[in-house]
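A quick write-up on the structure given underneath.
Residue numbers start at 1 and run along the sequence shown.
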Amino acid sequence: MQSEKALAIVTRGTDWSETSRITTLFTREFGKVRALAKGGRRLKSNFDVAFDLLTVCEVVFIRKASGLELLTEARMNEQFPALRKNLPALYAGYYVAELLAEGLQDYDPHPALFDAALHILRTLGRTAVSPPTGEKGTEAEICYTGEKDGATADTVAGGEAPVGTGAEVSGIRSVEAISPLGKEGGLGNGSLLATVSAFELVWLQELGYSPRLDACATCGRERLSPTARAFFSPLAGGVLCPECGPTVADRRMVSGDALLCIRDLTERGAEAALPGGARAEVRQVLGYAVSCVLGRRPRMLTYVDAR
């Protein structure tokens with residue numbers, strides 16, 4: 001039996017027995033790996049406290065001929081405790097975990113997607129989101145409780161609860177919030193959604209479903225005006241010309257501003273602006289595209305787009 005080492009993000013976990021645990025990992029080297037950690041629920045084990053959802057850890061596992069792999073060691077490398085102090089950022093993190101846990105095949109590595117996931121978690125973990133104007137409550141009062149706004153821990157990342165919120169562990173590298181809640185210092189709603197949208201586009205690209213925006217996805221006819229509205233179909237693979245559009249069942253009309261925003265996000269990532277006028281439409285288009293690839297609407301998408 002071959003032993004492997006990898007850097008992983010914990011995307012799902014569930015108790016297997018009184019002492020063991022099953023965890024789903026998205027590794028940079030091997031892609032998605034599902035493994036059994038025998039003795040992982042014991043207070044003293046070889047797994048440190050590396051089973052918290054969204055924890056980045058260094059793992060050692062033994063590849064089996066069939067079934068679950070055997071996880072022999074897991075050492076925490078990085079965690080994001082600031083996410084638990086901010087509900088929208090936490091929802092975004094859980095959304096990332098859901099796409100990684102359910103949208104990929106086992107042992108299908110995507111290093112670029114791993115790097116994008118790690119980047120968005122670090123971005124969410126070191127910034128704070130400003131509450132809406134006039135909203136009562138402080139940062140402490142909007143902490144994740146496991147049931148606020150109808151989203152329980154059992155609804156995220158495939159219906160399985162994360163293991164403990166856990167206090168920060170001494171000596172472990174972590175990303176703390178560096179900005180107070182506020183319009184200037186925090187990550188505003190537009191920036192948060194731009195970050196999520198940029199990750200969705202990387203996810204779509206890595207899975208081979210990056211939408212074509214410069215020409216008709218069916219006939220290849222080039223768009224003469226990038227600012228003009230056009231038909232869009234995730235199943236067809238992007239925008240459609242006036243002749244091909246009516247023949248596609250899942251078509252929808254999308255404004256030129258929204259298409260330009262999506263192109264900008266594809267090229268520049270989260271640095272691209274997501275203006276309020278096109279924000280809702282961009283989120284609808286990308287959410288629809290992700291849902292088509294996944295085969296269902298992601299559970300956490302509703303909470304990400306709620307604000």
ILVMFWY cluster, Tyr288 and Leu201 together (side-chain gap under 4.5 Å): no
Same apolar cluster: Leu118 and Tyr94, side chain cutoff 4.5 Å: yes
Side-chain donor or acceptor of Glu69 paired with backbone N/O of Lys64 under 3.5 Å: yes
Check ion pair Asp250-Arg252 (N to O, under 4.0 angstrom): no
Heavy-atom closest contact (Leu124 atom, Ala92 atom, distance): CD1-CB, 3.7 Å
Nearest atoms (heavy-atom pairs only) where Ala236 meets Ala217: O-CB, 3.5 Å
Rounded distance (nearest 0.5 Å) linking atom CG of Leu240 with atom CE of Met253: 9.5 Å
With sequence neighbours excluded, residues passing side-chain hydrogen bond (donor to acceptor under 3.5 Å, both in side chains) with Arg268: Asp264
Spacing of CZ belonging to Phe199 relative to CG belonging to Leu121, to within rounding of 0.5 Å: 8.0 Å
Main-chain N/O of Gly256 paired to Thr227 side chain as donor or acceptor, under 3.5 Å: no
Shared hydrophobic cluster, Val59 / Tyr107 (ILVMFWY, side-chain heavy atoms < 4.5 Å): yes
Heavy atoms of other groups near Glu243 CD, more than 12 under 6.0 Å: yes
Heavy-atom donor-acceptor pair, Thr23 side chain to Arg12 backbone, under 3.5 Å: yes
Verify same cluster id: Leu260, Leu265 (apolar side-chain graph, 4.5 Å): no
Shared hydrophobic cluster, Leu204 / Leu207 (ILVMFWY, side-chain heavy atoms < 4.5 Å): yes
Heavy-atom neighbours of Arg297 CZ exceed 12 at 6.0 Å: yes
Any donor-acceptor N/O pair, Glu98 side chain to Arg299 backbone, under 3.5 Å: yes
Polar side-chain atom of Glu222 near backbone of Asp214 as donor-acceptor pair, under 3.5 Å: no
